[in-house]
J.: 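Before anything else, here's the structure in question.
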Amino acid sequence: MAKMNFGGVEENVVLREEFPLEKAREILKDETIAVIGYGVQGPGQSMNLRDNGFNVIVGQRQGKTFDKAIADGWVPGETLFSIEEACEKASIIMCLLSDAAVISVWPTIKERLAPGKALYFSHGFAITWSDRTGVVPPADVDVILVAPKGSGTSLRTMFLEGRGLNSSYAVYQDVTGRATDRALALGIGIGSGYLFETTVEREATSDLTGERGSLMGAIQGLLLAQYEVLRENGHTPSEAFNETVEELTQSLMPLFAKNGMDWMYANCSTTAQRGALDWMGPFHDAIKPVVQKLYESVKTGNEAQISIDSNSQPDYRVKLEAELKELRESEMWQTAVTVRKLRPENN
């Protein structure tokens with residue numbers, strides 16, 4: 001485990017060079033790993049583990065995702081089972097169900113958590129807000145977390161490209177004395193680029209804050225606000241979209257992801273430099289109180305409760321699709337459809 005300096009703060013980081021795949025395989029050579037759930041994270045993590053030579057099976061209920069697992073090469077009765085049977089067979093149960101599904105399936109999983117088994121999550125939601133979810137692991141099992149910092153699709157795509165998606169890891173409960181090794185071996189097995197240490201609670205609160213903030217919620221709000229102001233002042237949809245979204249995602253993001261925002265500021269026009277430096281302060285001052293309010297809502301469990309209440313409604317999917325349809329059919333994102341078609345790679 002290496003000590004790495006992040007902005008003047010030392011953190012524990014595990015690199016693939018110091019924890020190679022061969023070591024991970026050796027640690028888990030006698031383990032049967034069951035991936036429970038084949039929705040968002042399940043396919044990428046299970047297929048990466050399979051391709052890396054681990055003994056992995058999938059537990060999934062009958063339906064579309066069960067059929068998807070078959071299409072991905074999992075064989076019913078051999079490597080694809082019901083949730084109950086997969087949990088029985090496994091020494092490590094990787095719970096990759098949605099937060100709402102974990103609540104309903106938890107009694108099934110808990111009943112099959114024999115002493116010494118390991119319970120694995122990729123999100124700390126269920127345990128952090130156990131008073132709301134009812135997910136309280138038995139005291140005689142290891143409880144570990146590996147949370148890829150991206151979608152399951154990205155995890156798989158980057159794996160196939162020979163790259164890795166960074167992940168956080170945590171040990172919530174170490175009964176066997178092997179919990180850390182199990183967590184790190186699984187983190188390497190699913191294809192993590194590197195792993196950084198966290199806690200289950202920190203992962204859950206940072207994740208909910210991030211997805212509601214800069215990763216999805218805030219970025220959509222910011223983009224839409226700028227697009228609307230430009231449109232209200234006579235700019236065309238294509239101009240408003242290019243100046244708001246296209247230049248950001250296609251030109252600038254790859255550059256400051258690679259080189260940093262200071263490099264971006266140093267390598268733009270003097271007019272852009274001055275404006276960016278002058279306006280980053282007002283934007284920060286306007287946005288930080290919103291982020292503070294968001295974090296408090298996450299920390300207190302309010303956001304968790306909203307998610308639980310919403311996702312447990314029988315018409316949840318219908319309402320969700322209606323909201324997504326409204327977003328999809330908005331002028332800004334309909335403009336995006338045309339702009340994407342005009343990109344050079346599509347012509």
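Only a predicted model underlies this, so the values are computations on that prediction, with no experimental measurement involved.
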J.: Walk me through it: do Q220 and M332 pass the test side chain to side chain contact (heavy atoms under 4.5 Å, CB included)?
T.: CA-CA 10 Å; Q220 166 63 14; M332 184 170 77; 3.8 Å; yes
J.: Checking S168 against E203: is there a side-chain donor and acceptor pair closer than 3.5 Å?
T.: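 No, no side-chain donor-acceptor pair sits under 3.5 Å.
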J.: Does E84 pair with R112 as a salt bridge, N-O distance under 4.0 Å?
T.: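 The answer is no: the pair does not qualify as a salt bridge.
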J.: Could you check whether any side-chain heavy atom of P107 comes within less than 4.5 Å of a side-chain heavy atom of K110, counting everything from C-beta outward?
T.: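 When only atoms from C-beta onward are counted, K110 and P107 do not touch, as no gap falls below 4.5 Å.
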J.: For M280 and Y265, work out which heavy atoms get closest and say how close.
T.: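 Here M280 and Y265 meet closest at SD-OH, 3.8 Å.
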J.: At what distance, to the nearest 0.5 angstrom, does CD1 of I36 lie from OG of S82?
T.: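 Output value for this atom pair is 8.5 Å.
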J.: Can you name the closest pair of heavy atoms from A101 and L97 and give their distance?
T.: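 Between these two residues, the closest heavy atoms are CB-CB, 3.9 Å.
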J.: Any chance you could measure Q60, atom CD, to S46, atom OG, to the nearest 0.5 Å?
T.: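 One gets 10.5 Å once the value is rounded to the nearest 0.5 Å.
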J.: If we check side-chain contact (heavy atoms from CB on, under 4.5 Å) with L119, which of these qualifies: I92, L113, V135?
T.: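 The side-chain contact (heavy atoms from CB on, under 4.5 Å) with L119 is passed solely by L113 among I92, L113, V135.
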J.: Mind checking whether L208 and H123 have side chains closer than 4.5 Å, heavy atoms only?
T.: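 A side-chain contact exists here, since the closest heavy-atom pair is under 4.5 Å.
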J.: Could you go through V35 and V56, starting from their C-alpha distance and side-chain angles, then the distance that decides it, and tell me whether this counts as side chain to side chain contact (heavy atoms under 4.5 Å, CB included)?
T.: CA-CA 7 Å; V35 171; V56 58; 3.9 Å; yes
J.: Do L49 and M94 come within less than 4.5 Å of each other through their side chains, counting heavy atoms only?
T.: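 In short, these two side chains touch, coming nearer than 4.5 Å.
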J.: Any idea which heavy atoms bring P148 and L165 closest together, and the distance?
T.: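 Shortest heavy-atom contact: CB-CD2, 4.0 Å.
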J.: So do V229 and N233 actually touch side chain to side chain, heavy atoms under 4.5 Å?
T.: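 Heavy-atom side-chain distance check passes, below 4.5 Å.
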J.: How about R317: does its CZ atom have over 12 heavy atoms from other parts shown lying under 6.0 Å from it?
T.: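 12 or below, so no.
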J.: Please confirm whether the backbone N or O of G177 pairs with a side-chain atom of D174, one donor and one acceptor, at under 3.5 Å?
T.: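 A pair under 3.5 Å: yes.
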J.: How many angstroms lie between atom CG of N242 and atom CG of L230, to the nearest 0.5 angstrom?
T.: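 The CG atom of N242 sits 11.0 Å away from the CG atom of L230.
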J.: Taking the six-membered ring of W74, is the NZ or CZ of R50 close enough (under 6.0 Å from the centre) and on axis enough (within 45°)?
T.: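 Flagged: R50 positioned over aromatic ring of W74.
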J.: For E329, does the CD atom have more than 12 heavy-atom neighbours from other residues, nucleotides or ligands under 6.0 Å away?
T.: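 Result for CD/E329: enclosed.
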J.: Any donor-acceptor pair under 3.5 Å linking the side-chain atoms of S192 with those of S167?
T.: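 S167 vs S192: donor-acceptor pair found between side chains.
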J.: Return yes if a side-chain donor-acceptor contact under 3.5 Å exists between Q313 and D309, otherwise no.
T.: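 There is no such pair (donor and acceptor under 3.5 Å, judged by atom type) between the side chains of Q313 and D309.
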J.: Quick one: do D51 and R156 make a salt bridge, cutoff under 4.0 Å?
T.: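 Salt bridge: yes.
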J.: Please list, chain by chain and in numerical order, all residues satisfying side chain to side chain donor-acceptor pair (under 3.5 Å) with E26, sequence neighbours excluded.
T.: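 Only K29 meet the side chain to side chain donor-acceptor pair (under 3.5 Å) criterion with E26.
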J.: If Ile, Leu, Val, Met, Phe, Trp and Tyr residues are connected whenever their side-chain heavy atoms lie under 4.5 Å apart, and connections chain through other members, are L215 and F283 in the same group?
T.: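 No, it is not one cluster - the side chains of L215 and F283 are not joined through contacts under 4.5 Å.
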J.: Does a side chain donor of either S130 or T133 reach within less than 3.5 Å of an acceptor in the other side chain?
T.: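 S130 vs T133: no donor-acceptor pair found between side chains.
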J.: Verify side chain to side chain donor-acceptor pair (under 3.5 Å) between E331 and Y227, making sure each step is shown before the conclusion.
T.: CA-CA 10 Å; E331 184 187 273; Y227 180 88; 2.5 Å; yes
J.: Would you confirm whether N52, through its side chain, and G189, through its main-chain N or O, come within 3.5 Å as a donor-acceptor pair?
T.: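 Yes: the side chain of N52 pairs with the backbone of G189.
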J.: Can you list the residues that meet the side chain to side chain donor-acceptor pair (under 3.5 Å) rule with T176, with sequence neighbours excluded?
T.: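 Expected list: D142.
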J.: Say whether, by atom type as modelled, one donor and one acceptor occur between the side chain of K117 and the main chain of C87 under 3.5 angstrom.
T.: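 Looks like yes, one N/O pair under 3.5 Å.
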J.: Between the side chains of S297 and E303, is a donor N or O closer than 3.5 angstrom to an acceptor N or O?
T.: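 The criterion, which ignores hydrogens and geometry beyond distance, is satisfied for E303 and S297.
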J.: From I188 CD1 over to L28 CG, what is the distance, rounded to the nearest 0.5 angstrom?
T.: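 Going from CD1 on I188 over to CG on L28, the span is 11.0 Å.
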J.: With no hydrogens and no angle check, just 3.5 Å: does a side-chain donor-acceptor pair link S122 and Q45?
T.: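 On atom types as modelled, these side chains qualify, holding a pair under 3.5 Å.
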J.: Checking E201 against Y172: is there a side-chain donor and acceptor pair closer than 3.5 Å?
T.: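 Checked: Y172/E201 side chains show no N/O donor-acceptor pair below 3.5 Å.
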J.: What class does the angle between the rings of F125 and W129 fall in, given that below 30° is parallel, 30 to 60° is tilted and above 60° is perpendicular?
T.: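 Rings of F125 and W129: perpendicular, as their planes differ by over 60°.
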J.: Strictly below 4.0 Å, N to O, side chains only: are E239 and R231 in salt-bridge contact?
T.: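 Not counted as a salt bridge, because no side-chain N and carboxylate O are separated by less than 4.0 Å.
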J.: Looking only at heavy atoms, which two atoms of A204 and T128 are closest? And how far apart?
T.: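 Answer, listing the atom of A204 first, then T128: CB-OG1, 3.5 Å.
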J.: Can you give me the closest heavy-atom contact between P76 and I70, atom names plus distance?
T.: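 Minimum heavy-atom contact is CG-CD1, 3.8 Å.
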J.: Same cluster for V9 and F196 if Ile/Leu/Val/Met/Phe/Trp/Tyr side chains link at under 4.5 Å?
T.: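 Unlinked, V9 and F196 end up in two clusters.
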J.: Pick from I93, V143, L96, L145: which one makes a side-chain contact (heavy atoms from CB on, under 4.5 Å) with Y120?
T.: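 With Y120 as partner, side-chain contact (heavy atoms from CB on, under 4.5 Å) holds for just one option, L96.
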J.: Same cluster or not: are L320 and M216 linked, directly or through other Ile, Leu, Val, Met, Phe, Trp or Tyr residues, by side-chain heavy atoms under 4.5 angstrom apart?
T.: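 No, L320 and M216 fall in different hydrophobic clusters.
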J.: Spell out, as yes or no, whether a donor-acceptor pair under 3.5 Å connects the side chain of E18 to the backbone of L15.
T.: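 Side chain of E18 to backbone of L15, a donor-acceptor pair under 3.5 Å: yes, one is there.
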J.: So do F81 and V58 actually touch side chain to side chain, heavy atoms under 4.5 Å?
T.: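 Contact flag for V58/F81 side chains = no.
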J.: Is it the case that N346 and R340 place a side-chain donor and acceptor less than 3.5 Å from each other?
T.: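 There is no such pair between these side chains.
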J.: T236 and F241: side chain to side chain contact (heavy atoms under 4.5 Å, CB included), yes or no, with the steps?
T.: CA-CA 8 Å; T236 65; F241 187 85; over 6 Å; no
J.: Does NZ or CZ of K23 lie under 6.0 Å from the centre of the six-membered ring of F19, at an angle within 45° of the ring axis?
T.: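 Flagged: K23 positioned over aromatic ring of F19.
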J.: Side-chain contact test, heavy atoms from C-beta onward, threshold under 4.5 Å: evaluate it for L252 versus M264 and give yes or no.
T.: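 Contact flag for L252/M264 side chains = yes.
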J.: If the test is side-chain hydrogen bond (donor to acceptor under 3.5 Å, both in side chains), which one of Q334, E323, E321 qualifies with R328?
T.: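 It is E321, the one option of Q334, E323, E321 that forms the side-chain hydrogen bond (donor to acceptor under 3.5 Å, both in side chains) with R328.
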J.: Distance from Q173 atom CD to D140 atom CG, nearest 0.5 Å?
T.: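 Spacing of CD (Q173) from CG (D140) equals 8.0 Å.
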J.: Of all heavy-atom pairs between G213 and L294, which one has the smallest distance, and what is that distance?
T.: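 Scanning both residues completely, I find the closest heavy atoms to be N-CD2, 4.0 Å.
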J.: Hey, could you give me the CD1/CG distance between I103 and N311, rounded to the nearest 0.5 Å?
T.: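 Nearest 0.5 Å value for the CD1-CG distance: 8.5 Å.
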J.: Would you say that L80 contacts V75 through its side chain, given a criterion of any heavy-atom pair below 4.5 Å between the two side chains?
T.: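 Heavy-atom side-chain distance check fails, nothing below 4.5 Å.
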J.: Regarding E31 and R25, does a basic nitrogen lie under 4.0 Å from an acidic carboxylate oxygen?
T.: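 Judged by the 4.0 Å cut-off on N to carboxylate O distance, E31 and R25 do not form a salt bridge.
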J.: Consider side-chain hydrogen bond (donor to acceptor under 3.5 Å, both in side chains). Of D72, D67, T65, which one does Y38 pass it with?
T.: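 Answer after filtering D72, D67, T65: D72.
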J.: Applying side chain to side chain donor-acceptor pair (under 3.5 Å) to S154 and S151, what does each step give before you reach the verdict?
T.: CA-CA 5 Å; S154 298; S151 70; 2.9 Å; yes
J.: Check step by step if side chain to side chain contact (heavy atoms under 4.5 Å, CB included) holds for R274 and T270.
T.: CA-CA 6 Å; R274 186 69 267 145; T270 55; over 6 Å; no
J.: Is there a side-chain contact between V105 and R61 (heavy atoms, below 4.5 Å)?
T.: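 Of all side-chain heavy-atom pairs linking R61 with V105, at least one is under 4.5 Å.
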